[in-house]
Amino acid sequence: MSKQANLTQIKTNIKEACKKAGRSEADVHLVAVTKTIDVAGIKELYDLGIRDFGENRVDVFLEKYEALQDFSDIRWHFIGSLQTRKVKQIIDKVDFIHSLDRASLAEEIEKRAEKPVRCFLQLNVSGEESKHGFTKESALVFLKQADFKQIEIVGLMTMAPITENENDLHDIFHALNEAGVEIAALHLNRVTASELSMGMTNDYSIAVEEGATYIRVGRALVND
Ligand SMILES: *Cc1c(COP(=O)(O)O)cnc(C)c1O
């Protein structure tokens with residue numbers, strides 16, 4: 001299928017999930033994950049109205065950022081695991097970091113950022129050892145002692161396990177939503193935590209039903 005047809009299908013699915021959950025579609029932002037899409041493909045998506053693009057590797061992000069500098073209304077989302085020593089290469093170029101997964105990374109962002117950076121705190125809700133991120137408990141400890149000058153914790157992010165079990169997926173996304181509500185209620189300085197970055201090609205409908213405000217979709221945009 002064309003990118004346009006894929007996009008139409010994704011939007012229909014978002015709409016249905018919103019309807020099921022009694023949510024407004026306006027609250028769900030589609031981040032087009034372009035790790036397998038080249039610059040020409042990104043331009044195609046741009047022409048279809050997409051403005052939010054997500055990359056997970058610093059080197060590839062920098063190449064595409066350079067190539068697309070004239071498209072000044074693009075919002076870049078860094079979604080991949082980020083090495084501390086690479087923070088300075090991207091910090092003034094990205095609009096959102098979805099993968100703030102450890103205290104040492106937060107320290108480096110604080111040190112390098114010259115203007116506020118919107119970050120999602122990454123939680124490992126499923127408890128899989130291979131996954132990065134805070135547990136809810138360690139997130140609470142971290143946030144309560146943090147004194148952010150530049151970081152704004154706009155929300156929480158998680159990656160669900162690869163599974164066909166829809167109940168498990170509902171549980172994981174629901175748990176992230178509840179963690180967000182709990183953290184937001186603390187009213188900590190620079191921690192609004194009102195957004196939820198969750199849902200990928202395999203599970204974004206379920207994530208939207210559970211309150212996702214940013215879904216990160218790659219393969220569904222390029223499927224034939
Ligand atoms: C690749 C990736 C996605 C998109 O995954 P798809 O299955 O292609 O939709 C979302 N989030 C992160 C962190 C990724 O690395």
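Residue numbers count from 1 along this sequence. Order of listing sets the numbers, starting from 1, for every ligand and every atom in it. What's counted below: heavy atoms across the whole structure, side chains too, no hydrogens, waters or symmetry copies.
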For atom 4 (C) of ligand 1, which protein heavy atom lies nearest, and how many Å away is it? R216 O, 3.5 Å
Taking heavy atoms and a distance under 4.0 Å, where does K35 meet ligand 1: side chain, backbone, both or neither? side chain
Judged by modelled atom types alone, do E16 and S205 share a side-chain donor-acceptor pair under 3.5 Å? no
Interfacing atoms of ligand 1 (cut-off 4.0 Å, heavy-atom, M159): 13 (C)
Provide, to 0.1 Å, the distance between atom 7 (O) of ligand 1 and the closest protein heavy atom, together with that atom's residue and name. R219 NH2, 2.8 Å
Strictly under 6.0 Å, is that where the ring centroids of F134 and F142 end up? yes
Does the separation of the ring centres of Y46 and F53 fall below 6.0 angstrom? no
Is it true that a side-chain atom of K136 and a backbone atom of G180 form a donor plus acceptor pair closer than 3.5 Å? no
If we ignore angles and hydrogens, is there a donor and acceptor under 3.5 Å between the side chains of T36 and R219? no
side-chain hydrogen bond (donor to acceptor under 3.5 Å, both in side chains) partners for E128, two or more places apart: S126, K131
Within the structure, does T201 bring an N/O atom to less than 3.5 angstrom of an N/O atom in ligand 1? yes
What do you reckon, does G218 have a nitrogen or oxygen under 3.5 Å from a nitrogen or oxygen of ligand 1? yes
Could you list which atoms of ligand 1 come closer than 4.0 Å to a heavy atom of V217? 9 (O)
